[in-house]
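Below, each value reflects all heavy atoms present in this structure, side chains not excepted, and no hydrogens, waters or symmetry copies. Starting from 1, each residue takes its place in the sequence as its number. It should be emphasised that the depicted structure is a prediction, and the values quoted were computed from it without experimental measurement.
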Amino acid sequence: MSREIVVGVTGGIAAYKTAAMVSRLVQTDVGVTVVMTRSARRFVGEATFAALTGRPVATRTFSEHAHPLGAHIELARQAELLCIAPATADFLAKAAHGMADDLLSTLVLSFTGPVLAAPAMNNEMWSKPAVQRNIEQLRSDGWHWVEPQEGWLSCRERGVGRMAEPDDIVAAIRKQLETKDN
């Protein structure tokens, strides 16, 4: 595999789009390791991502057999890029405040490469000042973004908050990897 990334999946209905995104990446010779939060596993099963990547899905902070140095350390060292899709309001708040209470949030603090986030949430949540403050903090920390789109949301409304389409996120990942090469 020519490139190696980690995809963090948080708990939102848009996780089904992340499966399509991961499939596209793997088909173009990108090695993908998926890290799922507990909430994410309520929307899409681990078996989906394991089948798409041909790799086990990382879910536990302490997994001595698979990662003797700690999954957050080993995954951070092997990946060129960390993409979080969907990036929920909850996860963005944790990241903006440096909280580390699960594998993905600990990985974010250990990772030294580019971080790309594709937010997804209800339009009222997206527009809240607290969410926008967290996003601005992460922007100033150097995070990159694939902005949410306007469209039909799972709450049965139209508005901004819909996660970008898989092809748009794949294009942003490729752009980040090309930028890293230059």
task = Heavy atoms only: give me the nearest R55-V32 pair and the separation to one decimal.
result = CD-O, 3.2 Å
inquiry  = For the backbone of E124 and the side chain of N122, can you confirm whether one donor and one acceptor N or O come within less than 3.5 Å of each other?
reply    = yes
inquiry  = Please find the pair of heavy atoms, one from M163 and one from A14, that lie closest to each other, and give the distance.
reply    = CE-O, 3.6 Å
remark   = dist E74:CD -> T33:OG1 (nearest 0.5 Å) comes out at 11.0 Å
query = Could you give the distance from CD1 (I173) to CD1 (I5), rounded to the nearest 0.5 Å?
reply = 4.0 Å
ask   = Salt bridge between E150 and R158, side-chain N to carboxylate O under 4.0 Å?
value = no
message = Just to verify, which of V170, V9, T53, T48 counts as forming a side-chain contact (heavy atoms from CB on, under 4.5 Å) with V22?
response = T53
note = Taking every heavy atom of P148 against every heavy atom of P119, the minimum-distance pair comes out as CB-O, 3.8 Å
ask   = Out of curiosity, S39 OG to L104 CG, how far, rounded to the nearest 0.5 Å?
value = 11.0 Å
note = All heavy atoms of N134 vs all of L92, minimum pair found to be CB-O, 4.1 Å
query = Within a radius of less than 6.0 Å around CZ of R38, do more than 12 heavy atoms belonging to other residues, nucleotides or ligands occur?
reply = no
request  = Hey, could you give me the CD1/CE distance between I169 and M21, rounded to the nearest 0.5 Å?
outcome  = 5.5 Å
key: Beyond-backbone contact of F49 with T18, side-chain heavy atoms, under 4.5 angstrom   = yes
ask   = To the nearest 0.5 Å, how far apart are CZ in F43 and OG in S154?
value = 7.5 Å
task = Please step through side-chain contact (heavy atoms from CB on, under 4.5 Å) for the pair D141 and L138, ending with a clear verdict.
result = CA-CA 5 Å; D141 290 347; L138 293 168; 4.1 Å; yes
ask   = Is the closest side-chain heavy-atom distance between F111 and V6 below 4.5 Å?
value = no
task = Mind running side-chain contact (heavy atoms from CB on, under 4.5 Å) on V146 and L116 for me, showing each step along the way?
result = CA-CA 7 Å; V146 182; L116 176 71; 3.8 Å; yes
request  = Would you please test I135 and W145 for side-chain contact (heavy atoms from CB on, under 4.5 Å) and show each step?
outcome  = CA-CA 9 Å; I135 290 168; W145 300 88; 4.0 Å; yes
query = With a 4.5 Å limit on heavy-atom distance, are the side chains of R174 and V30 in contact?
reply = yes
query = Hey, does L82 have a side-chain heavy atom less than 4.5 Å from the side chain of V108?
reply = yes
inquiry  = Assess the residue pair L103 and T59 against the criterion (side-chain contact (heavy atoms from CB on, under 4.5 Å)); give the C-alpha distance rounded to whole Å, side-chain angles, the decisive distance to 0.1 Å, and a yes or no.
reply    = CA-CA 6 Å; L103 176 55; T59 59; 5.8 Å; no
request  = Taking all non-hydrogen atoms of both residues into account, name the closest pair between A87 and A117 and its distance.
outcome  = CB-CB, 4.2 Å
key: Pairwise distance OG1(T37) to CZ(F91) - rounded to 0.5 angstrom   = 8.0 Å
message = Could you check whether R139 pairs with E136 (Lys NZ or Arg NE/NH1/NH2 to Asp/Glu carboxylate O, under 4.0 Å)?
response = yes
message = Please tell me whether Q27 and S23 have a donor and an acceptor in their side chains that are separated by less than 3.5 angstrom.
response = yes
message = Looking at every non-hydrogen atom in both residues, tell me the closest pair between V44 and M36 and how far apart they are.
response = O-CE, 3.0 Å
task = Indicate yes or no for a side-chain donor-acceptor contact from E80 to the backbone of E4 under 3.5 Å, with no hydrogens or angles considered.
result = yes
request  = Return yes if some donor-acceptor pair links the side-chain N/O of T10 with the main-chain N/O of T88 below 3.5 Å, else return no.
outcome  = yes
Within-4.5 Å side-chain heavy-atom neighbours: K94 and D102 = yes
